[in-house]
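Data block below; observations after.
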Amino acid sequence: MATRFKLNGKSVSSTAEADTPILWVIRDELGMTGTKFGCGAALCGACTVQLNGDPIRACQTPVSAIANQSIRTIEGLSPNSSHPLQKAWIAHDVPQCGYCQSGQLMSASALLAKNKNPSDADIDAAMNGNLCRCGTYPRVRAAIKSAAAEMRKA
């Protein structure tokens, strides 16, 4: 039986087994490869997507859990890297290896959707569990603050 859901605003369906992690449905079945496989145990955050606006780990969320709901991936953040977070990420030179960036951006965008003026503690709490092997955490925080300021202006 097919599982229907919205992916980046478009209705889609998957014929994957009910216990298949949505990471593999998104990447392998639907061709959205921006979401990355990291640890496979929901510990690193590389696979973070949003379920109805809340960040979740796609490597551990079965497709059956998202039926009739809305998933947003990095591809859904903006079609041309014009989202304030993406601009701030570039301006602050956040990415080094880049592997964790889609998960970082999805957690950060969920934060800014709910909190337009986050404190350092708010940012740290929202980004907890999104690991960066390159250690760009200070730049992540600076980029989030810049994006928040830009979004408040709009």
Side-chain angles (χ1 to χ4, degrees), residues 5-12 14 20-61 63 65-66 69-154:
F5 60 98
K6 285 193 184 257
L7 179 63
N8 299 327
K10 296 179 182 173
S11 294
V12 297
S14 169
T20 302
I22 60 170
L23 172 66
W24 303 120
V25 171
I26 291 167
R27 288 183 58 82
D28 295 345
E29 190 175 336
L30 301 173
M32 299 286 183
T33 58
T35 304
K36 304 299 183 205
F37 175 79
C39 65
L43 300 172
C44 73
C47 68
T48 302
V49 297
Q50 294 172 3
L51 175 63
N52 302 322
D54 294 320
I56 62 164
R57 304 300 192 247
C59 71
Q60 291 292 304
T61 304
V63 70
I66 65 165
Q69 297 188 66
S70 181
I71 293 289
R72 185 177 181 195
T73 68
I74 189 69
E75 292 92 347
L77 200 56
S78 77
N80 58 2
S81 298
S82 62
H83 189 282
L85 272 168
Q86 291 167 310
K87 289 179 179 180
W89 240 243
I90 293 165
H92 288 273
D93 292 321
V94 173
Q96 285 189 20
C97 81
Y99 201 81
C100 69
Q101 297 309 301
S102 61
Q104 297 269 4
L105 283 160
M106 296 312 293
S107 289
S109 68
L111 166 65
L112 294 183
K114 293 180 172 120
N115 183 345
K116 302 294 185 211
N117 194 18
S119 66
D120 286 351
D122 295 331
I123 293 169
D124 291 349
M127 301 307 290
N128 186 32
N130 284 92
L131 303 180
C132 174
R133 289 183 230 183
C134 301
T136 65
Y137 301 112
R139 288 185 274 179
V140 166
R141 184 187 286 160
I144 292 171
K145 287 185 172 200
S146 290
E150 187 65 31
M151 291 170 79
R152 286 191 305 272
K153 288 182 198 175

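The analysis underlying the following values was restricted to heavy atoms, covering all of them including side chains, and did not include hydrogens, waters or symmetry mates.
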Side-chain polar contacts of residues 31-47 - donor-acceptor pairs under 3.5 angstrom, sequence neighbours left out - could you list them?
unit_1, atom_1, unit_2, atom_2, d
Lys36, NZ, Thr33, O, 3.0

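In summary, of the residues considered (Leu105, Val94, Leu85, Asp120), a side-chain contact (heavy atoms from CB on, under 4.5 Å) with Ile144 occurs for Leu85 alone.
By the 4.0 Å N-to-carboxylate-O rule, Lys145 lies too far from Asp122 to be salt-bridged with it.
The shortest non-hydrogen separation linking Pro21 to Cys59 is CB-O, 3.4 Å. Taking both residues in full, the closest heavy atoms of Ile71 and Ile22 are given as CD1-CD1, 3.8 Å, listed atom of the first, atom of the second, then distance. Between Thr48 and Pro55 the shortest heavy-atom distance is CG2-CB, 3.8 Å. Nearest heavy-atom pair, Ser82 versus Lys87, reported as atom, atom and distance to 0.1 Å: O-CE, 3.5 Å.
Atoms CD and CD1, from Gln86 and Ile74 in turn, are 5.5 Å apart once rounded to the nearest 0.5 Å. In this structure, the separation between CD on Gln69 and CD on Gln50 is 13.5 Å, given to the nearest 0.5 Å. Here the NE2-CG distance, from His83 to Leu112, works out to 7.5 Å after rounding to the nearest 0.5 Å. Here Asn8 contributes atom CG and Glu75 contributes atom CD; the two are 6.5 Å apart, rounded to the nearest 0.5 Å. Within the model, atoms CD1 of Ile26 and OG1 of Thr20 stand 12.0 Å from one another, a figure rounded to the nearest 0.5 Å. To the nearest 0.5 Å, atom OH of residue Tyr137 and atom CD1 of residue Ile123 are 14.5 Å apart.
Residues His92 and Ser146 bring a donor and an acceptor atom of their side chains to less than 3.5 Å of each other.
Legend: residues meeting side-chain contact (heavy atoms from CB on, under 4.5 Å) with Arg152, ordered by chain and number and at least two apart, are Lys116, Asn117, Ala148, Ala149. For Lys6, the side chain to side chain donor-acceptor pair (under 3.5 Å) test picks out no residue, with sequence neighbours left out. Contacts of Arg139 classified as side chain to side chain donor-acceptor pair (under 3.5 Å), with partners at least two apart in sequence or in another chain: none. Under the side-chain contact (heavy atoms from CB on, under 4.5 Å) criterion, Asn128 pairs with no residue, sequence neighbours left out. Remark: Thr136 pairs with no residue by the side chain to side chain donor-acceptor pair (under 3.5 Å) rule, at least two apart or across chains.
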Q: Dump the intermediate steps for side chain to side chain contact (heavy atoms under 4.5 Å, CB included) on Leu77 and Ser109, then the final yes or no.
A: CA-CA 8 Å; Leu77 200 56; Ser109 68; 3.7 Å; yes
Q. Please walk me through it: do Arg141 and Asp124 pass side chain to side chain contact (heavy atoms under 4.5 Å, CB included)?
A. CA-CA 8 Å; Arg141 184 187 286 160; Asp124 291 349; 2.7 Å; yes
Q) Does the side chain to side chain contact (heavy atoms under 4.5 Å, CB included) test come out yes or no for Lys114 and Asp54, once each step is laid out? A) CA-CA 10 Å; Lys114 293 180 172 120; Asp54 294 320; 2.3 Å; yes
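Using a distance-only test at 3.5 Å, with no hydrogens or angles considered, no donor-acceptor pair links the side chain of Thr61 to the main chain of Ala58.
Met127 is listed as a side-chain neighbour of Ser107, based on a closest heavy-atom distance under 4.5 Å. You'll find the side chain of Trp89 stays beyond 4.5 Å of the side chain of Ser81, heavy atoms only. At a threshold of 4.5 Å between non-hydrogen side-chain atoms, the residues Arg72 and Val49 do not count as touching.
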